[in-house]
Number of protein chains: 2
Amino acid sequence: MTDSRLNQIVSKIKKMGYSLTPQRVEIIKIVSESKSHPSAAEVYNKIKESYPMVSLNTVYKNLSMLSSLHEVKEIKTMQNSVHYDGDVSLHGHAICENCGKIIDVQINEPDFKKFFENKIKGRLTENYHINNYGVEFYGLCDYCYTADPAVSET
Amino acid sequence: MTDSRLNQIVSKIKKMGYSLTPQRVEIIKIVSESKSHPSAAEVYNKIKESYPMVSLNTVYKNLSMLSSLHEVKEIKTMQNSVHYDGDVSLHGHAICENCGKIIDVQINEPDFKKFFENKIKGRLTENYHINNYGVEFYGLCDYCYTADPAVSET
DNA sequence: ATCTATATAGTATTTATTATTATATAATAA
DNA sequence: TTATTATATAATAATAAATACTATATAGAT
Ligand SMILES: [Mn+2]
Ligand SMILES: [Mn+2]
Ligand SMILES: [Zn+2]
Ligand SMILES: [Zn+2]
């Protein structure tokens, strides 16, 4: 991850009165550098390489804290577990319904924003206060599509 | 729910070789008539009114079977539980990040399809086989926005 | 260097979901 | 209608993700 991105997160953490621990910094780096949208368990396995005594609880606490600061995004998948995305820029996800693999779908940001803001206007039956939106594409990754004929039939 | 919608689901169930039980029919009716996007536990509480001996397992099995037949849609929310939508037509959801309440966002279908199909073209870094897509709007419902000042600050 | 509040590690608990198994029942055919 | 058979159900046990608890450690401040 870039230094400026790390500094940005660090200063937000300090501004909010949280303290900076080595585990916390490492979790930020792992989730920000990963392109695989890892689960908490996967972040835990990764951080154990540098901090063997870290607890899973610490990973969960830090990921949900970063999420509350909007510095990571949570992604819900089938196989009910939460995955984390260190890329908080506006983009979509394609999710494999068989193995859960998540890849990014880059979408032209102004188009995306315009579409959503136009679409939501006057279409809510209740007065919701929207501050974020997301889009997911569901299907099969190429591996699952070719490897397992059973799952590719509809 | 309309008779024709029920018949449509019933005939698909028969065509796929599944049998028709009173519990199954009642679950279909409950999830199809509900506008609240209930969880499995909520469907369970509802069906107990008419079938007090029903088991939660039966509810789960039927909901996931209906999902595999594409006659209900699954919605993942925060507070890690799955919710079910008997309206399988193309529409979005606005989800309250505080209480989990889900409401529909009706979007002009041709627009929606066109946008998504245009956007996905050539933008996937891998060869995914997409067969479905969804959009969610995250924020606060009016109740949570006004009632709990703590959650409405960003 | 000391103090204090927060973070962490280790463990226990909760909760949603799935698996197991014996019984009941829907579908089919005699 | 009755008998047969395969699937569905109810009841229970097991799994796995996430959260709660608590004593110790440590970051940040004095
Ligand atoms: Mn992403
Ligand atoms: Mn809906
Ligand atoms: Zn896959
Ligand atoms: Zn709410």
Side-chain angles (χ1 to χ4, degrees), chain A residues 9-28 30-31 37-69 72 74-84 97 100 102, chain B residues 9-28 30-31 37-69 72 74-84 97 100 102:
Chain A
I9 299 177
V10 163
S11 54
K12 185 182 276 188
I13 285 174
K14 290 189 166 174
K15 184 165 54 178
M16 300 302 283
Y18 298 116
S19 52
L20 259 186
T21 66
Q23 295 95 326
R24 180 160 289 169
V25 172
E26 185 65 17
I27 288 166
I28 292 169
I30 288 171
V31 74
H37 308 90
S39 65
E42 288 162 342
V43 173
Y44 174 61
N45 287 329
K46 183 73 179 168
I47 193 179
K48 274 201 292 189
E49 294 173 10
S50 37
Y51 297 85
M53 304 311 286
V54 77
S55 78
L56 186 53
N57 190 320
T58 297
V59 174
Y60 272 108
K61 285 208 129 127
N62 276 284
L63 288 173
S64 79
M65 187 258 263
L66 291 167
S67 173
S68 77
L69 298 183
V72 309
E74 298 187 345
I75 308 171
K76 327 283 169 187
T77 69
M78 353 286 121
Q79 51 263 354
N80 49 346
S81 74
V82 178
H83 288 245
Y84 295 88
E97 290 179 305
I102 304 168
Chain B
I9 299 176
V10 162
S11 54
K12 186 183 275 191
I13 284 173
K14 291 190 166 175
K15 185 165 54 177
M16 301 301 284
Y18 298 116
S19 51
L20 260 184
T21 66
Q23 294 95 328
R24 180 160 289 169
V25 172
E26 185 64 17
I27 288 166
I28 293 170
I30 287 170
V31 74
H37 308 91
S39 66
E42 288 163 342
V43 173
Y44 174 62
N45 287 330
K46 183 72 179 170
I47 192 179
K48 275 202 291 190
E49 293 172 9
S50 38
Y51 296 86
M53 304 310 285
V54 79
S55 78
L56 185 52
N57 189 312
T58 296
V59 174
Y60 271 108
K61 285 208 129 126
N62 277 286
L63 288 173
S64 77
M65 187 259 263
L66 291 167
S67 173
S68 76
L69 298 183
V72 309
E74 298 188 343
I75 308 170
K76 326 283 168 184
T77 70
M78 353 283 121
Q79 50 263 353
N80 51 347
S81 73
V82 179
H83 288 245
Y84 295 88
E97 289 178 307
I102 304 168

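No experiment lies behind these values; they were computed from the predicted model shown. Keep in mind that the numbers below use all heavy atoms, side chains included, and drop hydrogens, waters and symmetry copies. Every chain is numbered from 1 and lettered A, B, ... according to where its sequence line falls, protein lines coming before strand lines.
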Go through the structure and list residues passing side chain to side chain donor-acceptor pair (under 3.5 Å) with A/K12, not counting sequence neighbours.
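By the side chain to side chain donor-acceptor pair (under 3.5 Å) rule, A/K12 matches A/E71.
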Is any side-chain nitrogen or oxygen of [X] closer than 4.0 Å to OP1 or OP2 of [N]?
| X | N | answer |
| --- | --- | --- |
| A/Q23 | D/dT26 | no |
| A/S19 | D/dA27 | no |
| B/R24 | D/dT9 | yes |
| B/T21 | D/dT9 | yes |
| A/S81 | D/dA16 | no |
| A/Y60 | D/dA18 | yes |

Just checking A/L56: base, sugar-phosphate only, or nothing, at a heavy-atom cut-off of under 4.0 Å?
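Nothing, no heavy atom under 4.0 Å.
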Can you tell me how far [atom2] of [N] sits from [atom1] of [X], to the nearest Å?
| X | N | atom1 | atom2 | result |
| --- | --- | --- | --- | --- |
| A/M16 | D/dA27 | CE | P | 22 Å |
| A/N62 | C/dA7 | CG | C1' | 8 Å |
| A/L63 | D/dT19 | CG | P | 11 Å |

Which of residues 38-53 of chain A sit near DNA chain C, with a heavy atom under 4.0 Å from it?
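Contacting residues: A/M53.
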Would you tabulate the pairs of protein nitrogen or oxygen atoms and nucleotide nitrogen or oxygen atoms of nucleotides 19-23 of chain C closer than 3.5 angstrom?
unit_1, atom_1, unit_2, atom_2, d
C/dA19, N6, B/N57, ND2, 2.3
C/dT20, O4, B/N57, ND2, 3.1

Terminal axes of the helix from C/dA1-D/dT30 to C/dA30-D/dT1 (five pairs each): angle between them, nearest 10 degrees
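Roughly 40° between the end axes, to the nearest 10°.
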Around A/K46, counting heavy atoms of other residues, nucleotides and ligands shown, do more than 12 lie under 6.0 Å from its NZ?
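No, the 6.0 Å shell around NZ holds no more than 12 heavy atoms from other groups.
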Could you tell me which residues satisfy side chain to side chain contact (heavy atoms under 4.5 Å, CB included) with A/S67, sequence neighbours excluded, listed by chain and number?
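Applying side chain to side chain contact (heavy atoms under 4.5 Å, CB included) to A/S67 gives A/V72, A/E74.
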Over all atoms of both residues, closest heavy-atom pair of A/Y84 and A/S39
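Looks like CD1-C, 4.3 Å.
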Please write out each protein N/O paired with an N/O of nucleotides 28-30 of chain C under 3.5 Å, distance rounded to 0.1 Å.
none

Can you name the ring pair (Phe, Tyr, Trp, His ring centres under 6.0 Å) partners of A/H37, sequence neighbours left out?
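If we apply the ring pair (Phe, Tyr, Trp, His ring centres under 6.0 Å) test to A/H37, skipping adjacent residues, the hits are A/H93.
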Ignoring hydrogens and angles, write down the donor-acceptor pairs under 3.5 Å from the side chains of residues 49-56 of chain A, residues two or more places apart or on other chains.
unit_1, atom_1, unit_2, atom_2, d
A/S50, OG, A/I47, O, 3.4
A/S55, OG, A/T58, N, 3.2
A/S55, OG, A/T58, OG1, 3.1

